[in-house]
Amino acid sequence: MITDARVLRQEFVPGDLEHRDAETTYLSETLAPIADGETPETVIMHGLSGVGKTCVAKYIGDNLRQEVLDAEFQYVNCWQHYSRYRALHRILEGLGQTLDIHRQSTPRDELFERLRQYDGPPCVVVLDEVDQLEDTRQLYHLHELPQFSMILIANREDAILRAVDERLTSRLTGSERIRFDAYHEDELVSIMAARVRWGLIENAIQDDQLRRIADAAAGDARVALSILRSAARRADRATENQITTDHVESAIPAGRKEVRQKSIDTLIHHQRVLYDILEEHKEIEPSALYETYQERVEEPKSDRTVRNYLAKMEHYNLIVADGTSRDRTYRLRE
DNA sequence: CATCCACGGGAAAAACAGGGTC
DNA sequence: GACCCTGTTTTTCCCGTGGATG
C-alpha cells in the first residue's frame with residue numbers, strides 16, 4: 001500500500017508546489033535582488049495554519065540555494081526558539097559560526113556581534129511564528145544589517161506588527177505582504193493526489209474519498225495530509241490494496257487527533273495537568289481551575305505562572321478562553 | 001457606583017546551564 | 001567533585017487596567 005512514507009509526512013516539501021504559484025513567484029521576485037548583491041525588502045507572509053506558508057518559504061530556500069550559489073538561507077521556528085538567545089544562536093548555528101561559542105565565556109551580545117561581523121554570502125532569514133519571539137529588539141537590529149534579509153511568518157498580519165519593535169513597525173509598513181488564503185477543496189484534493197501518486201500504490205484511493213478528506217480538513221493541508229496518512233496506514237495494516245470508505249471515516253477523527261496530539265506532547269507536566277482538568281470539565285472558571293490544579297500537583301506554581309501557561313496553551317489552539325474579565329472561563333477547543 | 005476578579009506587563013528574584021578552577 | 005562565574009530562562013512579585021457584578 002505505502003510505497004514511500006516520506007512524501008506523506010507533513011514536513012515534506014514537494015519539488016513542485018501546487019496552487020501557490022502566485023505566492024511563490026512573488027516571493028522569489030522580491031528576493032531576486034540578492035543575486036546582484038543587494039538586500040531585498042523584508043517580506044511578511046500571513047495566513048491561517050496549514051495553508052502553505054512554511055512550505056513556500058522552505059521551497060524558495062531550496063531554490064535559492066540552487067540558483068544563487070552565493071546565498072545562505074536560514075529557517076528559524078520561533079515557537080521553539082523564542083528567546084533572543086535561542087533565535088540568534090539558531091541562525092549562527094545554521095551559518096556554522098557557533099563552533100567556538102562557549103556559553104560561559106560568551107560576553108553580552110556576543111551572539112549579535114557575530115552576526116554583525118558575518119561576511120559570508122547574503123543570507124535570507126525566515127522567522128516562522130515570529131509573533132512568538134519574546135525580545136523583538138533583536139529583530140530591529142537584524143534588520144539593520146545589510147547582509148541579512150528577512151521573511152516574517154505569522155498567522156495574523158497584525159500579530160506581527162504588534163509583536164515587533166515600534167522602530168521596526170514604521171519600516172515594515174512599506175514592506176512586501178503576502179497573504180495566504182485557505183485552500184479550496186479542489187486544491188486540497190490535488191495536493192493529496194500528488195502525494196498519493198508518489199507515496200502509495202496505484203489506485204489506492206478514489207477521488208471522492210479524497211474529496212471527503214478535503215471536506216473534513218476545512219482548508220487545512222496539514223489536517224488533510226494527516227487524515228490521508230492515517231487512512232493509508234489503516235489500509236496498510238489490514239494488508240488491503242485499496243483504502244476503503246471505512247478507513248477514511250475512521251481516519252478523520254484520528255487524523256485530527258494526531259495534529260492535536262503533537263501540540264499536547266509539547267506541554268510540560270504542569271500544563272498537562274491543567275489540560276487534564278479542562279478535559280474533565282466542559283467549562284471552568286479561573287479560580288476553580290487554579291484550586292483544582294493546586295490539589296493535583298506536588299509543588300504548585302503561582303497563579304501568575306499558571307496564567308502564563310494557559311496563555312501559551314491558548315496560543316497552541318488547545319484551549320479557548322471566553323470572556324475578558326470576571327466572566328472569564330476556560331475550556332478545551334472543540 | 002463601589003467592588004471584585006482576573007488579566008497581563010514589567011521588574012526582580014530564583015533556578016538553571018555549562019565551563020573553568022582549585 | 002565542590003564551588004564560582006557569567007549568561008540564560010523560568011518563576012514570582014507587584015500593580016495598573018478594565019470589564020463584570022451586585
Side-chain angles (χ1 to χ4, degrees), chain A residues 76-117 127 129-142 154-156 158-169 263-275 277-278 281-333:
Chain A
V76 182
N77 186 331
C78 299
W79 252 123
Q80 288 146 26
H81 307 94
Y82 53 83
S83 71
R84 174 194 75 184
Y85 183 85
R86 282 187 192 162
L88 292 183
H89 190 273
R90 172 69 194 74
I91 297 172
L92 281 168
E93 187 182 51
L95 294 171
Q97 305 275 312
T98 47
L99 293 176
D100 54 341
I101 289 188
H102 308 298
R103 290 180 67 105
Q104 174 260 8
S105 63
T106 310
R108 190 190 304 276
D109 290 328
E110 167 73 19
L111 255 47
F112 184 74
E113 205 45 43
R114 285 291 181 86
L115 284 176
R116 186 196 300 283
Q117 280 159 18
L127 296 169
E129 315 262 11
V130 68
D131 50 326
Q132 287 309 304
L133 218 48
E134 240 163 37
D135 181 358
T136 56
R137 285 188 298 256
Q138 300 301 310
L139 219 52
Y140 171 76
H141 293 306
L142 198 57
N155 284 5
R156 296 162 55 96
D158 55 344
I160 296 184
L161 295 176
R162 204 156 3 96
V164 148
D165 189 285
E166 69 271 5
R167 287 171 299 180
L168 191 51
T169 312
S263 311
I264 295 178
D265 289 342
T266 67
L267 299 180
I268 59 176
H269 174 65
H270 291 262
Q271 294 171 325
R272 186 56 199 264
V273 170
L274 290 166
Y275 184 89
I277 295 171
L278 290 175
H281 299 73
K282 222 201 307 295
E283 202 177 41
I284 188 167
E285 53 273 21
S287 53
L289 173 61
Y290 186 62
E291 271 172 41
T292 318
Y293 159 80
Q294 276 181 310
E295 288 162 14
R296 292 222 187 150
V297 106
E298 297 268 314
E299 291 173 59
K301 306 283 187 188
S302 68
D303 62 332
R304 182 67 187 86
T305 300
V306 167
R307 280 204 293 279
N308 280 340
Y309 288 165
L310 290 168
K312 204 94 185 175
M313 290 160 73
E314 190 186 5
H315 216 111
Y316 268 120
N317 283 332
L318 286 172
I319 67 173
V320 182
D322 299 304
T324 62
S325 176
R326 283 186 67 183
D327 55 344
R328 171 62 67 96
T329 59
Y330 292 101
R331 62 184 163 89
L332 289 193
R333 198 171 190 90

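Everything numeric in this text was worked out from a predicted model, so none of it was measured. Letters A, B, ... mirror the listed sequences (proteins, then strands); counts begin at 1.
- A close approach under 4.0 Å does not occur between any side-chain nitrogen or oxygen of A:Tyr85 and OP1 or OP2 of B:dC16.
- Residues passing the side chain to side chain donor-acceptor pair (under 3.5 Å) test with A:Arg156 are A:Asp158, sequence neighbours excluded.
- Of the side-chain N and O atoms in A:Ser325, none sit less than 4.0 angstrom from OP1 or OP2 of B:dA6.
- Legend: residues meeting side chain to side chain contact (heavy atoms under 4.5 Å, CB included) with A:Tyr275, ordered by chain and number and at least two apart, are A:Arg260, A:Ile264, A:Leu267, A:Arg272, A:Glu279, A:Met313, A:Leu318, A:Leu332.
- A:Arg326 is linked by a salt bridge (Lys or Arg N to Asp or Glu O under 4.0 Å) to nothing, counting only residues two or more places apart in sequence or in another chain.
- The separation between A:Tyr309 atom OH and B:dC7 atom C1' is 18 Å, rounded to whole Å.
- What separates OH of A:Tyr82 from P of C:dT8 is a distance of 14 Å, to the nearest Å.
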For nucleotides 8-15 of chain B, 5' to 3', base contacts (B), sugar-phosphate-only contacts (S) and non-contacts (-) with protein non-hydrogen atoms under 4.0 Å give BB------

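- Put simply, CG on A:Leu142 and CG on A:Leu127 are 7.0 Å apart, with the number rounded to the nearest 0.5 Å.
- As judged by a 4.0 angstrom heavy-atom cut-off over every strand, A:Ser83 is placed among residues touching the sugar-phosphate backbone only.
- Side chains of A:Gln132 and A:His81: a donor-acceptor N/O pair is absent below 3.5 angstrom, by distance only.
- Salt bridge A:Asp322/A:Arg328: absent, no basic N to carboxylate O contact under 4.0 Å.
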Hey, what are the protein-to-nucleotides 2-4 of chain B N/O distances that come in under 3.5 Å?
from: B:dC4; atom 1: O2; to: A:Arg326; atom 2: NH1; distance (Å): 3.4

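- Distance, A:Asp327 CG to B:dA6 P: 11 Å, rounded to whole Å.
- One atom, CG of A:Leu310, and another, P of B:dC7, lie 8 Å apart when rounded to the nearest Å.
- The main-chain N or O of A:Arg114 is never found under 3.5 Å from a side-chain atom of A:Gln117 such that the two would form a donor-acceptor pair.
- For the helix from B:dC1-C:dG22 to B:dC22-C:dG1, the rotation axes defined at the first and last 5 base pairs enclose an angle of 30°, given to the nearest 10°.
- Among pairs with a residue in residues 301-310 of chain A, those fulfilling salt bridge (charged side-chain N to carboxylate O under 4.0 Å, His left out) read A:Asp303-A:Arg307, at least two apart in sequence or across chains.
- Atom CD of A:Glu299 is separated from atom C1' of C:dT12 by 15 Å (rounded to the nearest Å).
- Atom-to-atom, CG of A:Leu111 to P of C:dT6 comes out at 18 Å; the value is rounded to the nearest Å.
- By the salt bridge (Lys or Arg N to Asp or Glu O under 4.0 Å) test, A:Glu113 is found to be paired with A:Arg116, residues two or more places apart in sequence or in another chain being considered.
- Checked against ring pair (Phe, Tyr, Trp, His ring centres under 6.0 Å), A:Tyr293 has the following partners two or more places apart in sequence or in another chain: A:His270, A:Tyr290.
- Taking atom NZ of residue A:Lys312 and atom P of nucleotide C:dT11, one finds them 11 Å apart after rounding to whole Å.
- Legend: salt bridge (charged side-chain N to carboxylate O under 4.0 Å, His left out) pairs involving residues 284-297 of chain A, not counting sequence neighbours, sorted by first then second residue: A:Glu280-A:Arg296.
- Sorted by residue number, the members of residues 285-298 of chain A with any non-hydrogen atom under 4.0 Å from DNA chain B read A:Pro286, A:Ser287.
- Going from atom CD1 of A:Ile268 over to atom P of C:dT9 covers 15 Å, rounded to whole Å.
- Partners of A:Ser263 by side chain to side chain donor-acceptor pair (under 3.5 Å), not counting sequence neighbours: none found.
- For the pair A:Lys282 and A:Tyr330, the NZ or CZ position fails the cation-pi test of under 6.0 Å to the six-membered ring centre and within 45 degrees of the ring normal.
- The minimum heavy-atom distance between A:Val320 and A:Arg333, with the atom names listed, is CG2-NH1, 3.6 Å.
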